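Structure first, then comments.
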Protein chains: 2
Amino acid sequence: MAGRKTNPPFLNGVPELLLLELLARRSMYGYELVQAIRAATGGELEFGEGCIYPILHRLEGQGVLAAQRQAVGGRVRVVYGLTAKGKTQWAESKSAWQRVTQAIHHALQGGERGRAALAS
Amino acid sequence: MAGRKTNPPFLNGVPELLLLELLARRSMYGYELVQAIRAATGGELEFGEGCIYPILHRLEGQGVLAAQRQAVGGRVRVVYGLTAKGKTQWAESKSAWQRVTQAIHHALQGGERGRAALAS
DNA sequence: GCTTGTACCTGACGGTTCGAGGTATCGCAA
DNA sequence: TTGCGATACCTCGAACCGTCAGGTACAAGC
């Protein structure tokens, strides 16, 4: 339990979920995404570049994202956007997340009462 | 992306959170907790014994849980309950979870609009 | 006697994230 | 013009968590 300071110890696959969400709105490049996630979560969550870039590359390899090199100034940005497959995955991830969090939320609430809501 | 069939790929520290929640209500033993989690989440989440037992032992070692051996029939059950420290940690974990999921939820909703809420 | 269910436990494996490091360009200020 | 910080990309090793497959043992039913 020694190391581990930054983010709270939940989350797994959450970076990917957030990536898909943000890219569903508009194409962005890696460095931008790192800060967009921080902004979008009100600073609550923060994933380093060492977390984001590998995911980006993996998703691109899976055909979920499409990369496009853009020259801006004298620099090159790699802008990512969702493919058709990506949109499907985005929708799936999102609903999976909602199912899971609802289940947990339910478990955190449903003590002695609230069992009625379990209508098969 | 090969392996990974059972649970959706979010979650980290979630088993621990659920453990604390359930034990805050009443003392339980390991095997019971495994099924209680499944029941409490409507079957959505399922953590095996290989996940639960190590956490139980770790939390006991940290003074978060107190174990008590009970002889039932010809068998011995190890019943766990929250210590004072455990109750603190339970509250902390719970509020942390809520903060995080709210942040993510917010990120999943707040598209182009809702930026106004970012005062300062 | 054998299988199934209860009840405990462990260890190897794999995936994900973290942290620190490395490169290069641009703009600004000293 | 030199240095610094911000931008922008990338990679690697370590750590952690959860999964899966195993292993023990008792009780009850067939």
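Reminder, nothing fancy here: chain letters follow the sequence lines and each chain counts from 1. Here the structure is a predicted model, which means the values were calculated and not measured.
- If you take CD1 of A:I55 and P of D:dC9, they are 15 Å apart, rounded to a whole angstrom.
- Atom pair A:E46:CD and C:dC18:C1' shows a separation of 12 Å (rounding to whole Å applied).
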Identify each atom pair where a protein N or O and an N or O of nucleotides 5-9 of chain C are less than 3.5 Å apart, giving names and distance.
unit_1, atom_1, unit_2, atom_2, d
C:dG5, N2, B:R75, NH2, 2.9
C:dT6, O2, B:R75, NE, 3.3
C:dA7, OP1, B:R77, NE, 2.8
C:dA7, OP1, B:R77, NH2, 2.4
C:dA7, OP2, B:Y29, OH, 2.8
C:dC8, OP1, B:V78, N, 2.9
C:dC8, OP2, B:G30, N, 3.4
C:dC8, OP2, B:Y31, N, 2.7
C:dC8, OP2, B:Y53, OH, 3.0
C:dC8, O5', B:Y53, OH, 3.3
C:dC8, N4, B:E49, OE1, 2.7
C:dC9, OP2, B:H57, NE2, 3.0
C:dC9, N4, B:E49, OE1, 3.4

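- Five base pairs at each end of the helix from C:dG1-D:dC30 to C:dA30-D:dT1 define two local axes, and these are offset by 0° (rounded to 10°).
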Please report, to 0.1 Å, the donor-acceptor pairs under 3.5 Å made by any side chain of residues 33-41 of chain B, with sequence neighbours excluded.
unit_1, atom_1, unit_2, atom_2, d
B:R38, NH1, B:E46, OE2, 3.0
B:T41, OG1, B:I37, O, 2.9
B:T41, OG1, B:R38, O, 3.4
B:T41, OG1, B:L45, N, 3.1
B:T41, OG1, B:L45, O, 3.3

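- For the salt bridge (Lys or Arg N to Asp or Glu O under 4.0 Å) condition, no pair includes a residue of residues 71-81 of chain B, sequence neighbours left out.
- Residues passing the side-chain hydrogen bond (donor to acceptor under 3.5 Å, both in side chains) test with B:E16 are B:R58, B:Q89, sequence neighbours excluded.
- Across the protein-nucleic acid pair, A:L56 atom CG and D:dT11 atom C1' stand 14 Å apart, rounded to whole Å.
- By the side chain to side chain contact (heavy atoms under 4.5 Å, CB included) test, B:E32 is found to be paired with B:R26, B:M28, B:Y29, residues two or more places apart in sequence or in another chain being considered.
- Considering only residues two or more places apart in sequence or on other chains, B:H105 meets the side chain to side chain contact (heavy atoms under 4.5 Å, CB included) condition with B:Q109.
- Counting only heavy atoms from C-beta outward, the side chains of A:I104 and B:W97 approach each other to under 4.5 Å.
- As rounded to whole Å, 12 Å separates atom P of D:dC20 from atom CZ of B:F47.
- In this structure, the CZ atom of A:R58 is 9 Å from the C1' atom of C:dG15, given to the nearest Å.
- Distance CG (A:L33) to C1' (D:dT7): 14 Å, rounded to an integer number of Å.
- Put simply, CG on B:N12 is 10 Å from P on D:dT19, counting in whole angstrom units.
- Legend: residues meeting side chain to side chain contact (heavy atoms under 4.5 Å, CB included) with B:S27, ordered by chain and number and at least two apart, are B:V79.
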Atom pairs and distances, side-chain donor-acceptor, residues 65-74 of chain A, under 3.5 Å, sequence neighbours left out:
none

